[in-house]
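As the structure lists them, so they are numbered: ligands from 1, and atoms in each ligand from 1.
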Amino acid sequence: MDECIFCKIAKGEIPSTKLYEDEKILAFLDINPAAKGHSLIIPKKHYHTLLDLPHEELKELMEIVQKVAGAVMSVVEGVQGFNVIQSNQEAAGQVIPHLHFHVIPRKQGDSLNFAWEQGKAEKEELEKYAELMRKRL
Ligand code: AMP
Ligand code: ZN
């Protein structure tokens with residue numbers, strides 16, 4: 001993954017504003033933040049999506065996501081909440097194809113909008129999808 005910008009950041013080839021680093025994980029501030037304190041957490045190794053990350057590596061990564069969220073809640077002025085966003089594939093809005101979690105600080109009435117229009121589903125349809133999906137879990 002020679003061209004991957006997050007691989008380059010992980011290797012220190014591109015500078016970043018680091019928050020946390022260990023052998024496998026890096027957390028740093030987003031260069032174009034949606035809000036002050038907007039943070040990114042990545043595995044240093046290149047994985048495209050959440051489904052590519054080995055199961056055993058998820059726990060440690062999520063622990064850092066939780067820690068960064070805690071830091072955001074203690075430090076960002078006026079912060080009242082946060083979103084954890086993680087997009088997979090271009091169709092879902094993933095721009096950088098290296099697995100990453102966003103932690104985005106929120107304030108009541110801020111201009112960020114991650115809402116969607118609520119759809120409708122018949123019980124039959126819910127059952128159909130649940131039955132198919134349960135077989136894959
Ligand atoms: P996504 O749209 O989920 O793929 O998010 C990619 C994020 O990476 C965006 O929020 C960008 O602002 C952020 N980003 C891109 N380049 C850099 C960089 N060099 N340092 C820090 N954040 C970056
Ligand atoms: Zn990468």
State plainly whether the residues [X] and [Y] are in salt-bridge range, i.e. N to O under 4.0 Å.
{"X": "Glu60", "Y": "Lys24", "value": "yes"}
{"X": "Lys128", "Y": "Glu124", "value": "no"}
{"X": "Lys67", "Y": "Glu63", "value": "no"}

So, does [X] use its side chain to make a donor-acceptor pair with the main chain of [Y] at under 3.5 Å?
{"X": "Lys44", "Y": "Asp22", "value": "yes"}
{"X": "Lys107", "Y": "Glu77", "value": "yes"}
{"X": "Asn83", "Y": "Ile85", "value": "no"}

message: Just to be sure I understand the cut-off, which residues have at least one non-hydrogen atom under 4.0 angstrom from an atom of ligand 1?
response: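 Residues within 4.0 Å of ligand 1: Ile5, Phe6, Ile9, Phe28, Leu29, Asp30, Ile31, Asn32, Leu40, Gly93, Gln94, Val95, Ile96, His100, His102.
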
query: Which angle, to the nearest 10 degrees, do you find at the Zn ion (ligand 2) between ND1 in His46 and SG in Cys4?
result: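 So the angle at the metal works out to 110°.
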
Other residues, nucleotides, ligands: >12 heavy atoms within 6.0 Å of Gln86 CD: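 More than 12 heavy atoms, drawn from other residues, nucleotides or ligands, come within 6.0 Å of this atom.
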
field: Of the N, O or S atoms in His98, the one nearest the Zn ion (ligand 2)
entry: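 Closest to the Zn ion (ligand 2) among those atoms: ND1.
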
